[in-house]
Q: 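Quick one: the structure is below, and I'll ask about it shortly.
Here the structure is a predicted model, which is why all the values come from computation and not from measurement. Any value given below was found using the heavy atoms of this structure, including those in side chains, with hydrogens, waters and symmetry copies removed.
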Amino acid sequence: QVRLVESGGGSVQAGGSLSLSCAASGNAVSRYSMAWFRQAPGKEREGVAVIDSDGRTTYADSVKGQFTISRENYKNAVNLQMISLKPEDTAIYYCACAGRSDLGRMILWRYRNAYVYWGQGTQVTVSS
């Protein structure tokens with residue numbers, strides 16, 4: 001069993017930056033693929049970035065060059081650094097843990113059903 005708790009959300013103006021953190025407990029997540037998803041009002045939850053156990057990262061096209069996902073295995077945490085934020089980045093951001101170590105190599109990584117554990121989410125609001 002893995003419990004995930006996100007933090008770091010908030011309100012920023014367009015062009016600003018935020019760093020999200022996902023703290024895991026209950027089991028070490030270093031051996032699993034970890035991802036960040038987001039869900040804007042009225043839209044489907046979408047995968048934005050995933051990091052595999054070996055540190056390999058994959059991003060959605062919409063956030064490439066803008067978001068960076070990383071691990072802090074000694075903290076049992078995964079982070080998402082976001083820069084140059086735009087109003088369309090406004091969403092609830094969720095952390096997710098997969099039941100395998102290499103999900104980022106598959107198209108499946110972008111689908112919520114591929115993940116076993118989820119956090120409660122943290123709100124990110126970007127104003128113009």
Q: Side chains of Gln1 and Asn27: any donor to acceptor distance under 3.5 Å?
A: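 No - no donor-acceptor pair under 3.5 Å links their side chains.
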Q: Considering residues, nucleotides and ligands other than Arg56, do more than 12 of their heavy atoms fall under 6.0 Å from its CZ?
A: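 Result for CZ/Arg56: enclosed.
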Q: What's the separation between atom CG in Asp89 and atom OG1 in Thr125, rounded to the nearest 0.5 Å?
A: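 These two atoms lie 11.0 Å from each other.
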Q: Minimum heavy-atom separation for Gly47 and Ala60, please, with both atom names.
A: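 Smallest heavy-atom distance, with atoms named: O-CB, 3.6 Å.
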Q: Please report the shortest heavy-atom distance between Gly104 and Val50, naming the atom on each side.
A: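 Result for this residue pair: CA-CG1, 3.7 Å.
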Q: Please determine, by modelled atom types, if Gln13 and Ser127 share a side-chain donor-acceptor pair under 3.5 angstrom.
A: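 No pair is found: no donor N or O on one side chain lies under 3.5 Å from an acceptor on the other.
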Q: Are Trp118 and Tyr111 in one and the same hydrophobic cluster, where Ile, Leu, Val, Met, Phe, Trp and Tyr link if side-chain heavy atoms are under 4.5 Å apart?
A: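 No, no single cluster joins them.
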Q: Quick check: is Leu4 connected to Leu103 through a chain of hydrophobic side chains (ILVMFWY, heavy atoms under 4.5 Å apart)?
A: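 No: no chain of side-chain contacts under 4.5 Å links Leu103 to Leu4.
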Q: Please list all pairs passing the disulfide (SG to SG under 2.5 Å) test where one or both residues lie in residues 57-88, with sequence neighbours left out.
A: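 The answer is none; no pair qualifies.
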Q: Any idea which heavy atoms bring Val29 and Cys97 closest together, and the distance?
A: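 The answer is CG1-SG, 4.2 Å.
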Q: Nearest 0.5 Å, what's the CG-CE distance between Leu80 and Met82?
A: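 Between Leu80 CG and Met82 CE, I get 5.5 Å after rounding to 0.5 Å.
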Q: So do the side chains of Val116 and Val2 get within less than 4.5 Å of each other, counting heavy atoms only?
A: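 Contact flag for Val116/Val2 side chains = no.
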Q: Determine, for Tyr32 and Arg100, whether the Lys NZ or Arg CZ falls below 6.0 Å from the six-membered ring centre while staying within 45 degrees of the axis.
A: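 That pair does not qualify as a cation-pi contact.
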Q: Nearest 0.5 Å, please: how far is CG in Asp52 from OG1 in Thr57?
A: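 These two atoms lie 8.5 Å from each other.
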Q: Evaluate the side-chain proximity of Ile51 to Val78: yes if any heavy-atom separation is below 4.5 Å, no if none is.
A: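 Touching, per the 4.5 Å side-chain cut-off.
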Q: Just by modelled atom types, is the Ser84 backbone N or O under 3.5 Å from a matching donor or acceptor in the Gln66 side chain?
A: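 At least one qualifying donor-acceptor pair exists.
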Q: Rounded to the nearest 0.5 Å, what separates atom OH in Tyr94 from atom CZ in Phe37?
A: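 Tyr94 atom OH to Phe37 atom CZ measures 12.0 Å (nearest 0.5 Å).
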Q: Would you say the side chain of Glu46 lies within less than 4.5 Å of the side chain of Arg38, judging by non-hydrogen atoms?
A: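 Yes - at least one pair of side-chain heavy atoms lies under 4.5 Å apart.
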Q: Flag yes if Leu85 and Tyr59 sit in one hydrophobic cluster, no otherwise; membership is Ile, Leu, Val, Met, Phe, Trp, Tyr, and two members link when side-chain heavy atoms are under 4.5 Å apart.
A: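 Yes: a chain of side-chain contacts under 4.5 Å links Leu85 to Tyr59.
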Q: Find the distance between OG1 (Thr68) and NZ (Lys64) and round it off to the nearest 0.5 Å.
A: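 Rounded to the nearest 0.5 Å, the OG1-NZ separation comes out at 13.0 Å.
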Q: Tell me if the CD atom of Gln120 is crowded by more than 12 foreign heavy atoms within 6.0 Å.
A: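 Atom CD in Gln120 is not crowded, with 12 or fewer foreign heavy atoms closer than 6.0 Å.
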Q: Give me the atom names and distance for the closest heavy-atom approach of Trp36 to Cys22.
A: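 Between these two residues, the closest heavy atoms are CZ2-CB, 3.6 Å.
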Q: Between atom CG of Leu20 and atom CZ of Phe67, what is the distance when rounded to the nearest 0.5 Å?
A: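 Spacing of CG (Leu20) from CZ (Phe67) equals 8.0 Å.
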Q: Strictly below 4.0 Å, N to O, side chains only: are Arg105 and Asp102 in salt-bridge contact?
A: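 Judged by the 4.0 Å cut-off on N to carboxylate O distance, Arg105 and Asp102 do not form a salt bridge.
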Q: Would you please test Arg31 and Ser101 for side-chain contact (heavy atoms from CB on, under 4.5 Å) and show each step?
A: CA-CA 6 Å; Arg31 54 182 171 168; Ser101 63; 5.7 Å; no
Q: Within a strict 4.5 Å, meaning less than it, do heavy atoms of the Glu44 and Gln39 side chains meet?
A: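 No; the side chains remain at least 4.5 Å from each other.
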Q: In sequence, state the C-alpha distance, the side-chain angles, and the governing distance for Gln81 and Ser17, and then conclude on side-chain contact (heavy atoms from CB on, under 4.5 Å).
A: CA-CA 8 Å; Gln81 178 68 35; Ser17 302; 4.2 Å; yes
Q: Over all heavy atoms of both residues, which pair between Trp109 and Val48 is shortest? Give the atoms and the distance, please.
A: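 In terms of heavy atoms, the two residues are closest at CH2-C, 3.6 Å.
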Q: Restricting to non-hydrogen atoms, name the atom on Met34 and the atom on Ile69 that form the minimum distance, rounded to 0.1 Å.
A: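 Scanning both residues completely, I find the closest heavy atoms to be O-CD1, 3.7 Å.
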